[in-house]
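Just so it is clear, the values below take in all heavy atoms, side chains as well, and ignore hydrogens, waters and symmetry mates.
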Protein chains: 2
Amino acid sequence: MSTSGSPFPRAGVAVDLVILTLREHKLSVLLIQRDDEPYSGAWALPGGFMSKREDLTEAADRVLADEASLGDRAVHVEQVRTYGATDRDPRGRVVSVAFMALGADLPEPRRGEGVADARWWAVEDLTEVTLAFDHPVLLADAVERARAKLEYTTLAVTFLPEEFTISQLRGVYESVWGRPLDAGNFHRKATRTEGFVVDLETHAAPTGGRPARLYRAGDGTRLNPPLLRAGD
Amino acid sequence: MSTSGSPFPRAGVAVDLVILTLREHKLSVLLIQRDDEPYSGAWALPGGFMSKREDLTEAADRVLADEASLGDRAVHVEQVRTYGATDRDPRGRVVSVAFMALGADLPEPRRGEGVADARWWAVEDLTEVTLAFDHPVLLADAVERARAKLEYTTLAVTFLPEEFTISQLRGVYESVWGRPLDAGNFHRKATRTEGFVVDLETHAAPTGGRPARLYRAGDGTRLNPPLLRAGD
DNA sequence: GCAATAGTGTCTTTAAGACATTATCTT
DNA sequence: AAGATAATGTCTTAAAGACACTATTGC
């Protein structure tokens with residue numbers, strides 16, 4: 001069974017992507033419906049095997065481009081963790097490296113090979129859906145990572161277009177954390193935290209109220225002090 | 001070259017451990033001096049290949065027990081991240097999952113196979129030592145993870161014996177962060193943060209001053225609000 | 001005018017930082 | 001008593017939370 005002559009055991013190395021965006025003010029994840037065994041017909045995270053000549057990041061980028069047709073989009077991609085239970089894939093020994101990808105207003109996915117369907121799911125609607133493999137855990141870990149990173153980084157802006165209002169930025173926090181924030185206090189925090197947003201001195205088209213000022217992402221990456229979720 | 005009949009490419013999966021403890025008030029890491037190629041003679045993180053029937057966590061525990069003779073010690077082990085550059089190991093395609101292990105007063109290591117020497121190094125003394133593979137990056141990432149987690153978790157207690165004083169706890173922060181903290185303010189923070197420490201109502205043997213009260217770890221895992229490093 | 005949304009101001013509370021003071025031990 | 005370390009207290013400042021108020025649009 002083992003590879004002859006290899007000085008060490010080998011395993012398949014997969015990358016699985018938890019691609020998150022906001023759709024209709026809901027944190028949503030891209031899932032594909034499998035058309036091949038194992039778990040044919042089940043919904044799963046887009047993923048693929050790392051090939052011989054690509055590193056983990058390249059494999060993640062390839063899955064993003066091929067399976068999610070998001071190759072040219074500005075998305076933030078970061079590694080979450082690696083899953084290595086011996087029985088996690090019936091095809092054999094497979095270790096999976098999970099990545100989280102965040103992007104603004106991502107398009108409807110294109111279907112790839114071995115895929116019956118592909119669509120965005122609101123994370124909160126996924127309690128009834130049974131995901132393939134150990135993907136429920138991968139998804140939960142990535143969502144928690146995203147929620148946690150909004151606290152102490154400027155990552156929320158990656159869910160927004162290049163120009164945005166403070167209300168939109170607050171909407172990101174409210175959608176990802178699933179709770180309302182005080183508009184006034186959030187405005188103070190966003191505009192007075194060094195490096196978070198840059199005032200563009202222009203206004204968005206009004207939507208039934210006072211027109212909102214436009215901002216773009218600042219050059220800071222850390223929020224200091226952090227913007228903490230209410231004490232659990 | 002590829003394994004015949006395998007439906008996906010395969011790679012070696014290694015686990016490498018950044019085992020941290022405090023020795024003489026210095027954050028220290030366990031390194032082994034390699035006796036085999038590649039990098040024979042160079043210092044490296046203890047590690048090994050994940051075998052056919054064990055998962056990543058079991059492989060990490062095995063390396064901890066075998067290469068560091070720390071099998072029965074109470075240590076905190078957590079995964080940091082996975083490194084997959086195509087050229088990171090001259091023996092072939094190897095992906096390495098890095099773990100961080102934290103423990104109190106860990107013993108001198110025993111030498112294992114393929115190991116010329118094994119010893120603790122103060123992290124601050126490692127600037128002159130060239131580590132094998134991409135281990136400088138693994139080490140830096142794990143040390144930063146440890147430093148960051150002291151801010152918002154109760155993890156500092158894992159560097160201490162079961163019973164400890166507030167001064168010792170402060171010493172953990174000072175050693176890991178490399179900067180002094182105000183003793184009074186730290187005392188207030190440690191004793192008044194829910195779930196951090198539990199007062200044992202006894203006193204440690206005095207060491208030339210007022211005897212310090214003894215505490216043990218509380219049942220909390222999160223520090224809320226966090227204990228932040230001074231604003232960078 | 002009114003409703004709606006954006007943005008500012010004020011008051012209170014929490015908690016950190018600086019640092020003085022008191023407590024309890026050894027020598 | 002002097003010196004050392006532990007523990008508490010006080011004052012100031014930073015920043016969050018609650019919430020009132022003003023600003024600017026469409027209707």
| task | Could you check Arg210(A) against Tyr215(B) and say which one's nearest nucleotide on DNA chain D is further toward the 5' end? | result | Tyr215(B)
| query | If you pin Asp182(A) and Arg213(B) to their nearest nucleotides in DNA chain D, which one's is more 5'? | reply | Arg213(B)
On the nucleotide [N], are OP1 or OP2 found under 4.0 Å from the side-chain N or O atoms that [X] carries?
X	N	answer
Ser167(A)	dA6(C)	yes
Lys189(A)	dA16(D)	yes
His187(B)	dT8(D)	yes

| request: Could you list all the ring-ring contact (aromatic ring centres under 6.0 Å, His included) pairs where at least one residue sits in residues 13-33 of chain B, not counting sequence neighbours? | output: none
| query | With under 30° as parallel and over 60° as perpendicular, where do the rings of Trp43(B) and Trp121(B) fit, or are they tilted in between? | reply | perpendicular
| For residues Tyr83(A) and Asp141(A), is any side-chain donor paired with an opposing acceptor at under 3.5 Å? | yes
| Measuring from Leu45(B):CG to Leu131(B):CG, what's the distance to the nearest 0.5 Å? | 6.5 Å
| query | Between dC19(D), dC19(C), dC25(C), which nucleotide gets closest to the side-chain atoms of Asn185(A)? | reply | dC19(D)
| request: Please tell me which of the listed nucleotides, dA6(D), dT10(C), dG26(D), lies nearest to the side chain of Arg188(A)? | output: dT10(C)
| Using rotation axes that map the C1' atoms of four end pairs onto the next four (five pairs an end), what angle separates the end axes of the helix from dG1(C)-dC27(D) to dT27(C)-dA1(D), to 10°? | 10°
